[in-house]
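Each ligand, and each atom within it, is numbered from 1 in the order the structure gives.
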Amino acid sequence: MAELQEVQITEEKPLLPGQTPEMAKTHSVETPYGSVTFTVYGTPKPKRPAIFTYHDVGLNYKSCFQPLFRFGDMQEIIQNFVRVHVDAPGMEEGAPVFPLGYQYPSLDQLADMIPCILQYLNFSTIIGVGVGAGAYILSRYALTHPDTVEGLVLINIDPNAKGWMDWAAHKLTGLTSSIPEMILGHLFSQEELSGNSELIQKYRNIITHAPNLENIELYWNSYNNRRDLNFERGGDVTLKCPVMLVVGDQAPHEDAVTSFLKMADSGGQPQLTQPGKLTEAIKYFLQGMGYMASSCMTRLSRSRTASLTSAASFDGNRSRSRTLSQSSESGTLPSGPPGHTMEVSC
Ligand code: BEZ
């Protein structure tokens, strides 16, 4: 496993009084499926897993996760964890376009690259945070390496392969839409796209003018060729760790993830549009795993106010004796033994 390059940069994040700049270090490692780039923020904390993110199609780690990780209340969380943000191959800033005919890794192979990253960093366990394709990749990794995943935050996951109806619709859309428009339709709802807010304009611009659009199309194809994760309610294929599922209330695939945590007013990408709500939910999730003192809990723990539109369930047992399972046919969510249920007021 050869290291290709290592770049040290200091992030230009505005600092709070008394704060010192946090170093971000970008690395690339060689894997059996090609090289992969990832950026590490912060320093490893003893006896704590790394927060490990994987972004969706059309994005990279920054365009997917910066609004969440830079959000004010998120600082309480991140100061307690080292973060590893992966860029899918060819998605890193300045990535050269892959040569014609390049065999892009499947989502399963992208998941198989993760052990090389953790081995390189000498990290033993992670809490995964993934969006869309990234959520699928982290779930696949957790299924094959359950002992290394302490928890998963899965945003807008669709665990199922495309059925023939989906394929037909996809092919038809492909006749009239460009790749950027198809990817935007994966990330955002039609309502958001036609509303053309500043956020939509920004992401439309990023994707349409991406210098690595050919690479993005390869990741998109791998996503569309994914196989079923095959979660089964009470079956053999189950995630062994606590899982928090999140879906935007207007996410294009909202019906694929029913309602563990359906975020009101969050459109298709809750981590971009509702970082505050998501931060609060993640704090509860981490607290359930024994990683956040309740003194860090803000608004919600004090008021215990409930909102019926935003609810989350999670398994708060760090012994990992609980199993969450998911039925792909019915689109139901991890059920398993009853976990805590939380509601987020916004
Ligand atoms: C972080 O602090 O983990 C972070 C900063 C900028 C972009 C993404 C993540």
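For ligand 1, the polar-atom distance check finds an N/O of H85 within less than 3.5 Å of one of the ligand's N/O atoms. Between R83 and ligand 1, an N or O atom pair is found at a separation short of 3.5 Å.
Residues forming a ring pair (Phe, Tyr, Trp, His ring centres under 6.0 Å) with H145 (at least two apart in sequence, or on another chain): Y141. The ring pair (Phe, Tyr, Trp, His ring centres under 6.0 Å) check on H55 picks up Y219, with sequence neighbours excluded.
Side chains of T39 and H85: a donor-acceptor N/O pair is absent below 3.5 angstrom, by distance only.
Every atom of ligand 1 with a heavy atom of Y61 under 4.0 Å away is listed here by number and element: 7 (C), 8 (C).
Residues I183 and V97 are members of separate hydrophobic clusters, defined by side-chain heavy-atom contacts under 4.5 angstrom among Ile, Leu, Val, Met, Phe, Trp and Tyr.
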